[in-house]
2 protein chains.
Amino acid sequence: MFQPPSLASLPPGESLTERTYEVLRNAILRNQFPPGTALSVPRLARELDVSRTPVREAVQRLIYEGLATHESHRGAQVNVVDIEDLRQLYLVRELLEGLAARLATERLGADDLVELRRILSDHEDVLAVDGDNSAHIELDMRFHRKLRDIAANAHLTATLEPIAGRSHLALHSLWRTDDAPRLALKEHERIVDAMVTGDPELAEEAARQHVSRLRVRLAQSTPRAQGSAQIAAANGKAGGAHG
Amino acid sequence: MFQPPSLASLPPGESLTERTYEVLRNAILRNQFPPGTALSVPRLARELDVSRTPVREAVQRLIYEGLATHESHRGAQVNVVDIEDLRQLYLVRELLEGLAARLATERLGADDLVELRRILSDHEDVLAVDGDNSAHIELDMRFHRKLRDIAANAHLTATLEPIAGRSHLALHSLWRTDDAPRLALKEHERIVDAMVTGDPELAEEAARQHVSRLRVRLAQSTPRAQGSAQIAAANGKAGGAHG
DNA sequence: GACCTTCATTTTACATGCAAATCAGGGGAC
DNA sequence: GTCCCCTGATTTGCATGTAAAATGAAGGTC
């Protein structure tokens with residue numbers, strides 16, 4: 001059910017805890033561990049072939065970051081994000097993405113612009129193939145991560161990263177309309193356009209509108225049984241591919 | 001140097017890790033562990049009379065929260081916040097405190113108002129005695145924490161709490177002018193006044209201005225050797241009590 | 001005195017041991 | 001069929017063991 005990415009695939013320079021954390025985080029954000037999945041420390045330790053200590057520390061980090069929840073003596077499980085959560089989440093995210101776009105505009109370099117455009121172009125390619133929601137989410141994450149990088153404000157990054165993570169986690173279960181990815185890409189392009197004009201306020205507003213519209217679109221999405229479907233999918237094995 | 005608060009003083013319902021975390025966090029925010037202080041896990045474990053595991057986990061939490069920093073194989077130390085850090089920090093904090101005030105205004109109940117006014121009144125009392133910067137910081141924290149509570153947005157709280165923690169950490173080393181506490185209190189009162197009018201936008205603006213002015217005041221403060229004094233105090237052992 | 005080198009101490013990063021809590025899954029009792 | 005209790009397996013929360021890295025003091029050389 002979960003091909004052990006085996007850790008070996010990761011930068012061996014880092015600590016085991018760090019690498020374990022990356023593996024688990026990616027698995028969650030790629031929906032390989034859907035919301036509701038239990039994160040048993042001994043089990044993961046066996047599967048990843050490390051001791052329990054690094055796994056425990058990685059799981060705690062996921063908890064602090066809000067990708068997992070914890071109940072006393074009952075362990076952790078991948079967070080289930082419901083509509084109300086998302087509403088509150090996007091209220092915060094709107095401000096922070098706006099700030100990121102504003103700061104990024106002030107510091108935008110030629111290289112950065114090239115990289116941003118490459119992401120947009122990759123994103124277009126992915127949407128052309130269509131149907132692949134995971135690839136869309138991946139590109140969406142790359143775009144927003146790049147914005148944070150350009151903004152170069154360590155506190156903003158540290159603050160926004162977990163927020164963005166939780167948002168993207170929710171996307172797997174809550175996206176609905178098929179044109180949402182296309183709308184998102186259009187809005188990304190608008191943000192970049194605003195940044196190119198060199199007007200920070202404009203970029204901020206474009207980014208805020210983007211998040212605000214995401215929120216509206218997600219709120220309108222059929223709330224198809226708030227993740228209970230996910231939990232079922234997680235408990236019953238995800239074997240049947242096209243369930 | 002550090003009277004072991006011994007953990008026993010804390011809610012015995014919680015886990016050891018949780019209680020250890022609270023003890024360390026309070027010690028840092030009260031400047032009992034000034035910036036630069038090394039957080040040696042075995043040493044703290046001895047002093048607090050618990051095993052190393054809960055201490056290690058508590059320290060990691062402080063690191064994720066940004067109250068401590070970590071260097072590979074060299075352990076953690078209490079974060080040193082410099083002026084540039086603070087500038088970036090307050091840019092983020094301004095937005096989030098604004099949001100908190102806006103949401104709090106929409107949900108303000110009679111009890112909440114009583115509590116807020118009580119905090120303001122306690123704050124006045126403390127400033128009347130004067131000279132006690134720690135008490136001012138404590139009341140400042142209480143005020144902003146209460147605002148977050150009233151706002152009742154879990155994601156905002158989770159996001160703003162570490163930011164506020166780091167801000168308050170910096171206050172111990174970077175406050176300067178003697179009238180800063182009084183100005184802060186005045187601005188708190190303005191925020192509450194705005195909330196009472198029931199106008200969320202006004203409250204948001206008042207809160208943003210408060211943070212923005214804090215930033216300016218802190219930036220103007222004599223940067224008295226960015227915490228190096230603190231580091232010296234921390235390294236030389238504070239053994240001789242009144243060293 | 002300035003600069004190495006060595007060696008003991010401490011600490012980190014990870015592994016493992018273990019009591020107590022929780023959960024899964026049968027039987028019975030009704 | 002439903003409720004309840006029991007039992008065994010698993011897991012959490014904490015404690016402890018330990019190799020390798022980092023630190024620091026002592027001593028030797030120039």
Side-chain angles (χ1 to χ4, degrees), chain A residues 1-2 4 6-8 10-24 33 36-64 68-79 231-232 234-237, chain B residues 1-2 4 6-8 10-24 33 36-64 67-79 231-232 234-237 239:
Chain A
M1 76 170 302
F2 167 57
S6 98
L7 288 205
L10 281 162
E14 303 293 331
S15 70
L16 270 184
T17 295
E18 185 74 24
R19 287 189 283 165
T20 303
Y21 164 74
E22 295 289 344
V23 166
L24 295 182
F33 290 168
T37 305
L39 297 172
S40 153
V41 170
R43 197 170 77 75
L44 289 171
R46 283 192 300 272
E47 287 178 358
L48 297 174
D49 197 36
V50 288
S51 82
R52 290 166 354 224
T53 301
V55 175
R56 174 168 241 264
E57 293 177 355
V59 168
Q60 285 180 338
R61 214 157 138 184
L62 294 170
I63 293 167
Y64 303 145
T69 53
H70 170 92
E71 272 177 303
S72 184
H73 288 280
R74 230 167 304 173
Q77 58 179 65
V78 178
N79 225 340
I231 294 176
N235 291 346
K237 74 232 50 329
Chain B
M1 78 169 298
F2 167 57
S6 98
L7 288 204
L10 280 163
E14 302 293 331
S15 70
L16 270 183
T17 295
E18 185 74 24
R19 287 189 285 165
T20 303
Y21 165 75
E22 296 289 344
V23 167
L24 295 182
F33 290 169
T37 304
L39 297 172
S40 153
V41 169
R43 197 170 76 76
L44 291 171
R46 281 192 301 272
E47 287 178 359
L48 298 175
D49 196 37
V50 288
S51 82
R52 290 163 356 221
T53 302
V55 176
R56 174 167 242 263
E57 293 178 355
V59 168
Q60 285 180 340
R61 211 155 139 185
L62 295 170
I63 292 167
Y64 303 144
L67 289 180
T69 53
H70 171 92
E71 273 178 302
S72 185
H73 289 280
R74 230 167 305 173
Q77 59 179 64
V78 178
N79 225 339
I231 293 177
N235 290 346
K237 68 214 45 355

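In what follows, every chain begins at residue 1, and chains take the letters A, B, ... in the order their sequences are listed. Please read these numbers as outputs of a predicted model, since none were measured by experiment.
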To the nearest Å, give me how far apart CD (A:Glu14) and P (C:dA13) are.
12 Å
For A:Arg56, the salt bridge (charged side-chain N to carboxylate O under 4.0 Å, His left out) test, sequence neighbours excluded, returns B:Glu57
Ranking D:dT23, D:dA15, C:dA13 by distance to the side chain of B:Val50, first place goes to D:dA15
Within less than 4.0 Å of OP1 or OP2 of C:dC23, is there a side-chain N or O belonging to A:Arg74?
yes
Considering only NZ, NE, NH1 and NH2 on the basic side and carboxylate oxygens on the acidic side, decide whether B:Arg61 and B:Glu18 come within less than 4.0 Å.
yes
Do any side-chain nitrogens or oxygens of A:Ser72 fall under 4.0 Å of OP1 or OP2 in C:dA21?
no
Grab the CD-P distance between B:Glu57 and D:dA15 for me, whole Å please.
10 Å
Is there a side-chain contact between A:Arg56 and the phosphate of D:dT12, meaning an N or O under 4.0 Å from OP1 or OP2?
no
NA contact type, B:Thr53, heavy-atom cut-off 4.0 Å: base, sugar-phosphate, or nothing?
base
Determine: side-chain N/O of A:Ser51 to OP1/OP2 of C:dC14, distance under 4.0 Å, yes or no.
no
Return no unless some side-chain N or O of B:His73 is found under 4.0 Å from OP1 or OP2 of D:dA19.
no
Could you give the CG-to-C1' distance, from A:Leu16 to D:dA19, as a whole number of Å?
14 Å
Calculate the interatomic distance between B:Arg19 atom CZ and D:dG13 atom C1'; express it in whole Å.
12 Å
Within this structure, what is the CG-CG distance for the pair B:Leu24 and B:Leu48, rounded to the nearest 0.5 Å?
6.0 Å
At less than 4.0 Å, is any side-chain N or O atom of B:Arg52 found next to OP1 or OP2 of D:dC14? Yes or no.
no
Taken to the nearest whole Å, CG/B:Leu48 to P/D:dC14 is 14 Å
ring-ring contact (aromatic ring centres under 6.0 Å, His included) filter on B:Tyr21, not counting sequence neighbours, yields none
Can you tell me if B:His70 touches the phosphate of C:dA13, counting only side-chain N or O atoms and a distance under 4.0 Å to OP1 or OP2?
yes
